[in-house]
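All heavy atoms count here, side chains included; hydrogens, waters and symmetry mates do not. A, B, ... follow the sequence lines: proteins, then strands. Residue 1 opens every chain.
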There are 2 protein chains.
Amino acid sequence: MSNQERSAPERDDRTGDCRPGLLTAPLDEAHAADLARTFKALGDPVRLRLLSLIASRAGGEVCVCELTPAFTLSQPTISHHLRLLRQAGLIDRERRGTWVYYRAQPPALDRLAAFLTATPHPTTTV
Amino acid sequence: MSNQERSAPERDDRTGDCRPGLLTAPLDEAHAADLARTFKALGDPVRLRLLSLIASRAGGEVCVCELTPAFTLSQPTISHHLRLLRQAGLIDRERRGTWVYYRAQPPALDRLAAFLTATPHPTTTV
DNA sequence: ATCCGACATCGACGAACGTCAATATAGAAG
DNA sequence: CTTCTATATTGACGTTCGTCGATGTCGGAT
């Protein structure tokens, strides 16, 4: 006795596979794991504030010596969060003398935004 | 013991506060906490696949009875992930008879995409 | 009424996470 | 060389997360 005797709802579709869509196609496991790693990096208020501090900077780069005192957290903790953001490809760093400067990585942000950008079929069932 | 004797780098800016920008302004603690909760909901491969399965559906809604068998996870686990997505405001549900249908919440996705959309100052320092 | 199936909630467990103090590394200055 | 400062790494701790099996709830059918 198949457990779907009550006429389960329909099933169809399987749209193209052109990459960016959250709403374009069902998203296979590999891409899901990759994207999840990036979104997880954004899933912490401290990292979001760090990223916004860096990305909103007109000059494009911010010294760690400016980021650390902006929080009530310890210096190793800030360093840890910066590493996670960097491993997610969201920021990049450059050492200059004694100081280290972080800068945002716009392509990565754009990729995420494009992935979330919605409604390829605004024709809501018509 | 002023720990900045070596003439630390400059500091300026403090752009407007018009809401959406990751790159517009530094993002205060309250908004950071709120956004972090949403991004955390996206920071899991299972939830990303669930969301894409729901959002990419032409009809707009998907029955749980279709989502659960798409994974090797137990039914309670899928239910748990759906709840987190719903609490993040990313999806909504509707009961119809014995079955429950989930549907994407495009405004929430658009808000996130707008937040990430980059480069208000594409003048990359040359 | 009773029974069955779809979905949600509960409790428990190991794994991953955020945080810290302590320590290490790298570069500048004396 | 040594010393000092800026940043990173390590190791440990409590908390949160993802998962499961067991159980609860709701609705339809009999």
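The CH2-C1' distance, from B/Trp99 to D/dA29, rounds to 12 Å in whole Å. Atom-to-atom, CD of A/Glu94 to C1' of C/dA26 comes out at 16 Å; the value is rounded to the nearest Å. B/Arg95 places its CZ atom 8 Å from the C1' atom of D/dT25, with the value rounded to the nearest Å. In this structure, A/Glu66 atom CD and D/dA6 atom P are separated by 13 Å, rounded to whole Å. Computed from coordinates, the B/Ile78 CD1 to C/dT9 P distance equals 15 Å when rounded to whole Å. A/Phe71 places its CZ atom 14 Å from the P atom of C/dG18, with the value rounded to the nearest Å. The CG atom of A/Leu85 sits 14 Å away from the C1' atom of C/dC17 (whole-angstrom rounding). Rounded to whole Å, the distance from CZ on A/Arg93 to C1' on C/dA26 is 12 Å.
Nearest approach of A/Ala41 to A/Leu84, heavy atoms of both residues: CB-O, 4.3 Å. Nearest heavy-atom pair, B/Arg95 versus B/Gly97, reported as atom, atom and distance to 0.1 Å: NE-O, 3.3 Å. Here the shortest heavy-atom pairing between A/Leu90 and A/Leu51 reads O-CD1, 4.2 Å.
For D/dA8, one of the phosphate oxygens OP1 or OP2 lies less than 4.0 angstrom from a side-chain nitrogen or oxygen of A/Ser79.
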Quiz item: Could you write nucleotides 10-20 of chain D as a row of B, S and -, 5' to 3', where a protein heavy atom under 4.0 Å of any base atom gives B, of only sugar-phosphate atoms gives S, and otherwise -?
Solution: -------SSBB

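Side chain of A/Thr68 to backbone of A/Val64: a donor-acceptor contact under 3.5 angstrom is found.
In this model, a donor atom of one side chain and an acceptor atom of the other lie less than 3.5 Å apart for A/Asp28 and A/His31.
The 5' end of DNA chain C is approached more closely, in terms of each residue's nearest nucleotide, by B/Val100 than by the other of A/Gly97 and B/Val100.
Among the heavy atoms of the strands lying under 4.0 Å from B/Tyr102 are primed sugar atoms or P, OP1, OP2 only; no base atom is included.
Ring geometry for B/Phe39 against A/Phe39 counts as parallel: the plane angle stays under 30°, on a 0 to 90° scale with 60° as the upper cut.
Ion pairing between a basic and an acidic side chain is recognised when a charged N comes within 4.0 Å of a carboxylate O; B/Arg96 and B/Glu61 show such pairing.
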